[in-house]
Undergrad: 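My questions all concern the structure below.
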Amino acid sequence: MYLPAQHKLPREFYARDTVAVARDLLGKYLVRVVDGIERIGRIVEAEAYLGPHDLAAHSSKGRTRRTEVMFGPPGHAYVYLIYGMHHCTNVVTGREGSGSAVLLRALEPVQNVAGRTSGCGLLSKAMGIDRSLTGHDLLSDDFFLAYPPADEAFEVIVSRRVGVDYAREWADKPLRFYVAGSPFVSRP
DNA sequence: TGCACGATGAAC
DNA sequence: TTCATCGTGCAC
């Protein structure tokens, strides 16, 4: 029997090159326990945000109260409020101090997930994730990522990131990854 | 202390 | 294409 808590992604998974982590997060499970119910979604879309030099990354503003967690140890959550109403979920990556993270943009519902999960705001809402979870350890028991029961093969599409036109040349970098053909990708 | 602006989603 | 809605970062 498959229990996601017995297959958590280890700290070392996050403490790697951010682009590799973003790519490798596809197909992995995002698990969130709310009121004792384990909600599970399969990651089908993610974007890499490389650090202070990446003009699209929040860490490009430097260390501030909001971005401090991005500069912290890998394997923790960075959750922020966007447009005053939606929450977006990231996982901190790379070496501590690198200011890098991966934004989760879409999930395929697997278990106990109600509502749509295509888009970072929607998936955060469906999984019960908000700003109070920023800084949360992703090796905890109520909010973590895990290897799926079986590693199925899928094709990965790479593209520019969504909604970062303000980031000049960084807007065109191939830092968005998604599962080819998945109907749950936010913007095919 | 004030203000412009989002790593969005929904309505029109 | 327009708008809701508020925390954040930076100008004054």
Side-chain angles (χ1 to χ4, degrees), chain A residues 14 16-26 28 30 32 39 41-72 74-94 97-109 113-136 138 143 145 156-179 182-188:
Chain A
Y14 303 99
R16 298 181 296 141
D17 173 71
T18 302
V19 174
V21 174
R23 158 64 184 80
D24 293 346
L25 278 177
L26 298 183
K28 300 300 186 293
L30 174 64
R32 169 83 180 121
R39 304 181 186 184
R42 175 175 173 262
I43 298 170
V44 297
E45 179 182 350
E47 288 178 349
Y49 286 85
L50 306 189
H53 57 294
D54 177 356
L55 296 185
H58 290 170
S59 54
S60 66
K61 299 291 184 186
R63 280 187 186 246
T64 64
R65 176 139 64 220
R66 178 175 69 151
T67 65
E68 184 59 33
V69 62
M70 284 187 79
F71 291 92
H76 291 253
Y78 167 49
V79 186
Y80 65 90
L81 181 67
I82 186 67
Y83 294 105
M85 58 191 95
H86 306 295
H87 295 273
C88 288
T89 304
N90 301 251
V91 301
V92 177
T93 60
S98 66
S100 54
V102 171
L103 171 68
L104 306 183
R105 287 194 53 87
L107 302 175
E108 171 187 331
V113 178
R116 286 176 297 161
T117 51
S118 301
C120 74
L122 288 172
L123 85 80
S124 297
K125 183 182 181 208
M127 297 298 282
I129 299 167
D130 62 38
R131 263 183 342 128
S132 69
L133 288 171
T134 210
H136 199 89
L138 293 174
F143 185 24
L145 284 81
V156 175
I157 306 286
V158 185
S159 77
R160 74 202 297 273
R161 293 172 293 185
V162 175
V164 295
D165 290 343
Y166 60 85
R168 303 169 21 166
E169 74 271 19
W170 283 92
D172 291 319
K173 305 277 186 189
L175 295 173
R176 174 176 179 244
F177 303 85
Y178 61 92
V179 174
S182 171
F184 297 98
V185 168
S186 69
R187 215 192 62 182

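To find a chain, count down the sequence lines: A is the first, B the second, and so on, and within it residues start at 1.
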Undergrad: Measuring from A:Leu104:CG to A:Asn90:CG, what's the distance to the nearest 0.5 Å?
TA: 7.0 Å
Undergrad: With a cut-off of less than 4.0 Å, is there a side-chain N or O of A:Thr64 near OP1 or OP2 of C:dG9?
TA: yes
Undergrad: Cation-pi between A:Arg42 and A:Phe184: NZ/CZ under 6.0 Å from ring centre and within 45° of the ring axis?
TA: no
Undergrad: Where do A:Met70 and A:Ala101 come nearest, in terms of heavy atoms and distance?
TA: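 For A:Met70 and A:Ala101, the tightest heavy-atom pair comes out as CE-CB, 3.9 Å.
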Undergrad: Nearest 0.5 Å, what's the OH-CZ distance between A:Tyr178 and A:Arg187?
TA: 8.5 Å
Undergrad: If every non-hydrogen atom of A:Phe143 is compared with every non-hydrogen atom of A:Ile129, which pair is closest and at what distance?
TA: CE1-CD1, 3.6 Å
Undergrad: Using a strict threshold of under 4.0 Å (side-chain N to carboxylate O), is an ion pair present between A:Lys173 and A:Asp54?
TA: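 Result for this pair is no, no salt bridge flagged.
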Undergrad: Say you draw a straight line from OH of A:Tyr14 to OG of A:Ser100; how long is it, rounded to the nearest 0.5 Å?
TA: 13.5 Å
Undergrad: Identify the stems formed by DNA chain B, where each pair is Watson-Crick or G-U wobble with both distances under 3.5 angstrom and a stem is at least 3 consecutive pairs.
TA: B:1-6 with C:6-11, B:8-11 with C:1-4
Undergrad: Taking all non-hydrogen atoms of both residues, which atom of A:Val185 and which atom of A:Val44 are closest, and how far apart?
TA: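 Answer, listing the atom of A:Val185 first, then A:Val44: CG2-O, 4.0 Å.
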Undergrad: Would A:Glu45 and A:Ser186 count as having a side-chain donor-acceptor pair, cut-off 3.5 Å?
TA: yes
Undergrad: Using the 3.5 Å cut-off, write out each protein N or O paired with an N or O of nucleotides 3-7 of chain C and the distance between them.
TA:
from, atom 1, to, atom 2, distance (Å)
C:dT5, O2, A:Tyr83, O, 2.4

Undergrad: Contact class for A:Arg160 (heavy atom, under 4.0 Å): base, sugar-phosphate, or nothing?
TA: nothing
Undergrad: Name the first nucleotide and the last nucleotide along DNA chain B (5' to 3') that come under 4.0 Å of a heavy atom in chain A.
TA: B:dG6 to B:dA10
Undergrad: Can A:Ser59 and A:Thr67 be counted as having a side-chain donor-acceptor contact under 3.5 angstrom?
TA: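 Short answer, no.
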